[in-house]
S.K.: 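Please see the structure below; I have some questions.
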2 protein chains.
Amino acid sequence: MTISDVARVAGVSVATVSKVVNNRYGVSPSTAERVLAVVAELGYESSLVARSLRRQSTNVIGVLVAEFEPYSTELLKGISAAVDGTGYELLAYSGGSDGGAKAGWERRSLSRLAGTLIDAAIVVTPTMVMSEPVDIPVVAVDPHTGPEGTHTVDSDNTTGARDAVQHLLDLGHRRIAHLGGRTDLESARLRELGYRQALEAAGIAVDPHLVRIGGYRPETADTPARELLDPATGVRPTAVFAANDQSAIHVIEVAQELGLRVPEDLSVVGFDNVPESATSTPPLTTVAQPLHRMGAEALRMVLDLLEGAPREQHLRLPTSLVVRASTAPPPD
Amino acid sequence: MTISDVARVAGVSVATVSKVVNNRYGVSPSTAERVLAVVAELGYESSLVARSLRRQSTNVIGVLVAEFEPYSTELLKGISAAVDGTGYELLAYSGGSDGGAKAGWERRSLSRLAGTLIDAAIVVTPTMVMSEPVDIPVVAVDPHTGPEGTHTVDSDNTTGARDAVQHLLDLGHRRIAHLGGRTDLESARLRELGYRQALEAAGIAVDPHLVRIGGYRPETADTPARELLDPATGVRPTAVFAANDQSAIHVIEVAQELGLRVPEDLSVVGFDNVPESATSTPPLTTVAQPLHRMGAEALRMVLDLLEGAPREQHLRLPTSLVVRASTAPPPD
DNA sequence: CTGAAAGCGCTAACAT
DNA sequence: ATGTTAGCGCTTTCAG
């Protein structure tokens, strides 16, 4: 079903059909009507691909993610709600499958889609500096290098992390471990920073054995979580602050597998407040990022960029602590 | 950054570059090496659009949704996890914005993407019969007309709904309302059927005043929810079985706004078990659909179709009741 | 082994 | 008002 089919059936040239479906001047009402009838009859819809190859603008915003997991899909919900009524459509592309291991997926995806398929892009947790700028507006959410280079939207990771650890300190914990995030992400660095700041402020030295890299994903968090909770490794922490909810939930599962009760024997705090954090057993205490709002703001920003409106290069939103049932005073 | 740029810098023709990047025969090792070096240096990545216009296959599976809300994103998580390691990439397209009101979005989106951009499609809650079959494999999740025509994946809506209502009956409820779903979706029809069956089996006549159309969305559910709970409309129900979680959560909000306590004054049951159902206050009792698995199965099915493997046309997965805190015996 | 040329579906100048 | 033509970036015969 191509434009040629329509042209043939309607007895006109493809150019005329193109003009009609794009409301261009220079076509008689009668022909336009006839063409429109054929379009409706055949159910013709112009190919996004062919059109975008020829045109400069497609009216679609790309959302580039490594994979569709709780974090990116929450963002997506916010973006989707915000795009409503703007006339733009959304195209979410996951080009970094295979365990999220393929570094540089965002540059690849951007090259593949930009310039043609999408007018602008929101890229979620890019792992690299977007050195060579593409020709379309790009907003990064939770970027690699933190505020610098491209436009970004993120939340106050340091303060959020400090609040999380302070909550554990207030409960009486002293041996607090940190299961870090992805070393290539600024957010992970800042959360660890907040962890260290909170401990220092409380006059507690950071025990290097209690700080591990969890990688943000359940699979990558498994080994470090076991090491942290293994009695053979040293004195077990009474609490774990994990760098995100997915790894925090995995810590709970590992703990329970090891016969530890949460929160009686071990307190666990996460980060993000994805909906899944409320469904774990016990429900997870976590630092909430305003993910829907972050998505909406990223969309707003990329739209402004598209229209040439001036924008601050960075937007940082506040976090808030959500206390649920995975934290309690330490044993003894 | 196009193939011509690479060709120029490498001092070869575009045809040669194309052969190199696609591992075609007939290129001397030395040229290939030189081209590859330029590709790496320039960070060239072939345009998905241009390539797909010329080729027949793109190795990307399309997921067509009206919007990114809790239901479709849960499916997406399952699809995303299942695509990992298959070599395919995912492109989720939301073409039905503007309140999800634009009927026929799935046909439009399919026409725009099929044949070029995507090799196959999973379409989520299509509102129309996909009469004119496109030339690519399509699997529908929770379709309009129920098992018929295209390949489908869904869950046992009738049994699930019966279980939900039976749970309320077991608690002692007799005046049980139903806030229905989207009339254009088979799932909504079947859930209402289950509701009626359960009441009939218990010897309770269905009160027409207690059955309203909620449309699956918070906005569309608002008015019918208020009518259901308005004392002026008649004797208030002691329980509401909503056709999905989003509208059930909205019922809880409306009830609380009206000064009703959930579950003391009003019990509420939802359907789907999206993660959000656990975060409402109180947490929602609901019928769980295996959404991740449904997404994974839909992907598996569409991949089999792509490879010409024979498949049953319909796959129906079981539901299960998840009892949380939004249900209790009726007042008095 | 390499390049010239055609063509995928469409739009935009430019004729007629 | 309509049609012809070129060309978007790429792959693929087909000559050289």
Side-chain angles (χ1 to χ4, degrees), chain A residues 1-36 38-39 42-60 110-119 134-136, chain B residues 1-36 38-39 42-60 110-119 134-136:
Chain A
M1 183 57 26
T2 74
I3 198 174
S4 321
D5 298 323
V6 177
R8 189 162 20 77
V9 175
V12 296
S13 73
V14 295
T16 301
V17 177
S18 174
K19 282 172 193 156
V20 171
V21 302
N22 291 295
N23 299 309
R24 295 276 180 282
Y25 294 116
V27 56
S28 79
S30 62
T31 3
E33 195 184 350
R34 184 154 38 92
V35 170
L36 251 16
V38 174
V39 165
L42 266 46
Y44 166 77
E45 202 68 37
S46 75
S47 156
L48 216 208
V49 167
R51 164 179 295 205
S52 69
L53 191 56
R54 198 63 180 76
R55 272 197 178 187
Q56 69 290 7
S57 136
T58 55
N59 258 282
V60 357
L110 213 42
S111 303
R112 286 171 71 76
L113 305 183
T116 35
L117 236 205
I118 57 181
D119 290 352
V134 277
D135 46 346
I136 62 170
Chain B
M1 184 55 25
T2 74
I3 197 173
S4 321
D5 298 322
V6 177
R8 190 162 19 76
V9 174
V12 295
S13 73
V14 296
T16 301
V17 176
S18 174
K19 282 170 194 153
V20 171
V21 302
N22 292 295
N23 299 310
R24 294 279 179 279
Y25 295 116
V27 176
S28 78
S30 62
T31 339
E33 192 184 353
R34 183 153 38 92
V35 170
L36 252 15
V38 174
V39 165
L42 266 46
Y44 167 76
E45 203 68 34
S46 77
S47 156
L48 215 209
V49 168
R51 165 178 295 204
S52 69
L53 191 56
R54 198 64 180 73
R55 272 200 180 181
Q56 68 291 7
S57 136
T58 56
N59 258 283
V60 357
L110 213 42
S111 304
R112 285 170 70 76
L113 305 184
T116 36
L117 236 206
I118 58 180
D119 290 351
V134 277
D135 47 345
I136 61 169

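In what follows, chains carry the letters A, B, and so on, assigned in the order in which the sequence lines appear, proteins first and then strands, with residues in each chain numbered from 1.
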S.K.: When you get a sec, tell me which of C:dG3, D:dT11, C:dG9 is the closest nucleotide to the side chain of A:A50?
M.R.: C:dG9

S.K.: What's the closest nucleotide to the side chain of A:S46 if the choices are C:dC10, D:dT13, D:dT11?
M.R.: C:dC10

S.K.: Report the nucleotide, chosen from C:dC10, D:dT2, D:dT12, that has the shortest atom-to-atom distance to any side-chain atom of A:S47.
M.R.: C:dC10

S.K.: Of the options D:dT4, D:dC8, C:dT11, whose atoms approach the side-chain atoms of A:S13 most closely?
M.R.: D:dT4

S.K.: Ignoring the backbone of B:P29, work out which of C:dA12, D:dC8, C:dC1 is nearest its side chain.
M.R.: C:dC1

S.K.: From CG of B:N23 over to P of D:dT12, roughly how many Å is that when rounded to an integer?
M.R.: 12 Å

S.K.: Atom CG of A:D5 to atom P of C:dG9: distance rounded to whole Å?
M.R.: 9 Å

S.K.: Within the structure shown, what part of the strands sits under 4.0 Å from B:T2 by heavy-atom distance: base, sugar-phosphate, or nothing?
M.R.: sugar-phosphate

S.K.: To the nearest Å, give me how far apart CG (B:L48) and P (D:dT11) are.
M.R.: 11 Å

S.K.: D:dT12 C1' sits how many Å from B:N22 CG, rounded?
M.R.: 10 Å

S.K.: If you assign A:V14 and A:V27 each to the DNA chain D nucleotide with the nearest heavy atom, which residue ends up on the more 5' nucleotide?
M.R.: A:V27

S.K.: Do any N or O atoms from the side chain of B:T58 and from the backbone of B:L117 form a donor-acceptor pair under 3.5 angstrom?
M.R.: yes

S.K.: For B:S28 and C:dT2, is the shortest distance between a side-chain N/O and OP1 or OP2 below 4.0 Å?
M.R.: yes

S.K.: Output the single nucleotide from D:dG3, C:dT2, C:dG9 whose closest atom is nearest the side chain of B:T31.
M.R.: C:dT2

S.K.: From the set C:dG3, D:dT11, D:dA1, return the single nucleotide nearest to any side-chain atom of B:T16.
M.R.: C:dG3

S.K.: Tell me: CD of B:Q56 to P of D:dT11, nearest whole Å?
M.R.: 12 Å

S.K.: Atom CG of A:L53 and atom C1' of C:dC10: how far apart are they, to the nearest Å?
M.R.: 8 Å

S.K.: Could you state the interatomic distance from OG (B:S57) to CZ (B:R51), rounded to the nearest 0.5 Å?
M.R.: 9.0 Å

S.K.: Is there a side-chain polar atom (N or O) of B:Y44 under 4.0 Å from OP1 or OP2 of D:dC10?
M.R.: yes

S.K.: Which listed nucleotide (C:dG3, C:dT11, D:dT11) is nearest to the side chain of B:I3?
M.R.: D:dT11

S.K.: Taking OP1 and OP2 of C:dA12, is either one under 4.0 Å from a side-chain nitrogen or oxygen of A:R24?
M.R.: yes

S.K.: What is the distance, to the nearest angstrom, from the CZ atom on A:R54 to the C1' atom on D:dA6?
M.R.: 7 Å

